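All values reported here derive from a predicted model rather than from experimental measurement. In the text below, chain A, chain B and the rest are named by the order of the sequence lines, each starting its count at 1.
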Number of protein chains: 2
Amino acid sequence: MVVDSELSEIAVDRIFRALADSTRRDILRRSSIEELNVSDLAAQYRMSFAAVQKHVAVLEAAELVIKRVQGRERLVRADPKTIAKAETLLKQYQQIWRDRIDRLDNLLATDP
Amino acid sequence: MVVDSELSEIAVDRIFRALADSTRRDILRRSSIEELNVSDLAAQYRMSFAAVQKHVAVLEAAELVIKRVQGRERLVRADPKTIAKAETLLKQYQQIWRDRIDRLDNLLATDP
DNA sequence: AGAATCTACAACCATTTGGTTGTAGATTAC
DNA sequence: GTAATCTACAACCAAATGGTTGTAGATTCT
């Protein structure tokens, strides 16, 4: 039985790995609100431009953000589809647990 | 504005980090279905007992599973509360994006 | 054209991660 | 009591991660 249906395990690894860093979560949040270039993002954190660039690359590899070229800028925006996929995955784990509870309930109800 | 409300950033890091490995996700799935000891889990994977033990420890540190002592065994079961929290976090990101869409819609509707 | 801005990317470093083997402590079975 | 089972934990190793600085390529501004 497979929990995942449309994403490869590697892709799921990348999504959760990308979400496992507060700087990246903040980049995701900011780029959910408005499209930003990498310099604007970098200005928000106490780390080098290159470090923020790497964080954006991790989010991009996970397909959590999309980068668009406009002149010399790279505009970053969140991709809500991938976030939705991650949420769906967690829902499936919860569903497994709910099914288990249901089975226990039925057991207790039918066998008093 | 803070996305998280009750979990520390470090705790969120640990949750997503723990989910970023297919072996750990499988352990979580199996321990969602039934309580298992570490040996039973280890038998499922092509890696050493100690490696599986470490994976369980990562899940435990993230509070995604709970370990219970019974005799010489350590019984592992998923903690649905933490899974639910992770799902809630992702929902919040989606909500930010939906709010943005709503704002754009309103803008387009009121200013033709 | 020249300067400033935005980005890419390489090289490097310390720490963490994911695996291994090996040893030892409890608990259970015989 | 002894053997088998289940677990904990240390020590070690290779690879990945998260940061740095430095250099260079486009693009825009004056």
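For the pair B:D13 CG and C:dT17 C1', the computed distance is 15 Å after rounding to whole Å.
Using a 4.0 Å cutoff to heavy atoms of chain A, the contacted part of DNA chain D runs 5' to 3' from D:dT17 to D:dT28.
With sequence neighbours left out, A:R25 forms a side chain to side chain donor-acceptor pair (under 3.5 Å) with B:E9, B:D13. A:E63 pairs by the side chain to side chain contact (heavy atoms under 4.5 Å, CB included) definition with A:T82, not counting sequence neighbours. For B:E73, the side chain to side chain donor-acceptor pair (under 3.5 Å) partners at least two apart in sequence or on another chain are B:N37. A:Q95 pairs by the side chain to side chain contact (heavy atoms under 4.5 Å, CB included) definition with A:R98, A:D99, not counting sequence neighbours. Evaluation of the side chain to side chain contact (heavy atoms under 4.5 Å, CB included) rule for A:A78 yields A:L28, A:S31, A:S32 as partners, not counting sequence neighbours. By the side chain to side chain donor-acceptor pair (under 3.5 Å) test, B:R30 pairs with B:D26, B:Q44, sequence neighbours left out. When the side chain to side chain donor-acceptor pair (under 3.5 Å) test is applied to B:R72, no partner is found at least two apart in sequence or on another chain. With sequence neighbours excluded, the residues forming a side chain to side chain contact (heavy atoms under 4.5 Å, CB included) with B:V52 are B:I27, B:L41, B:A42, B:Y45, B:M47, B:V56, listed by chain and number.
For the pair A:R17/B:R17, a side-chain contact is recorded, criterion being any heavy-atom separation below 4.5 Å from C-beta on. The shortest side-chain heavy-atom distance between B:L89 and B:Q92 falls under the 4.5 Å cut-off. Using a 4.5 Å heavy-atom cutoff, the side chains of B:L75 and B:K67 are not in contact. Counting heavy atoms from C-beta on, the side chains of B:L19 and B:L64 come closer than 4.5 Å.
Heavy-atom distances to DNA chain C give each of B:T23 and A:V38 a nearest nucleotide, and the one nearer the 5′ end belongs to A:V38.
Overall, the helix from C:dA1-D:dT30 to C:dC30-D:dG1 carries an axis bend of 30° between its ends, with five pairs at each end and the value rounded to 10°.
Of the residues in residues 48-60 of chain B, those with a non-hydrogen atom less than 4.0 angstrom from any atom of DNA chain C are B:S48, B:A50, B:A51, B:K54, B:H55. Within residues 65-74 of chain A, the residues having any heavy atom under 4.0 Å from DNA chain C are, by residue number, A:K67, A:R72, A:E73, A:R74.
Between B:R46 and C:dG18, a side-chain N or O to OP1/OP2 separation shorter than 4.0 Å is absent.
Note: the hydrophobic cluster containing A:Y93 also contains B:L36 (ILVMFWY, side chain heavy atoms under 4.5 Å, direct or indirect links).
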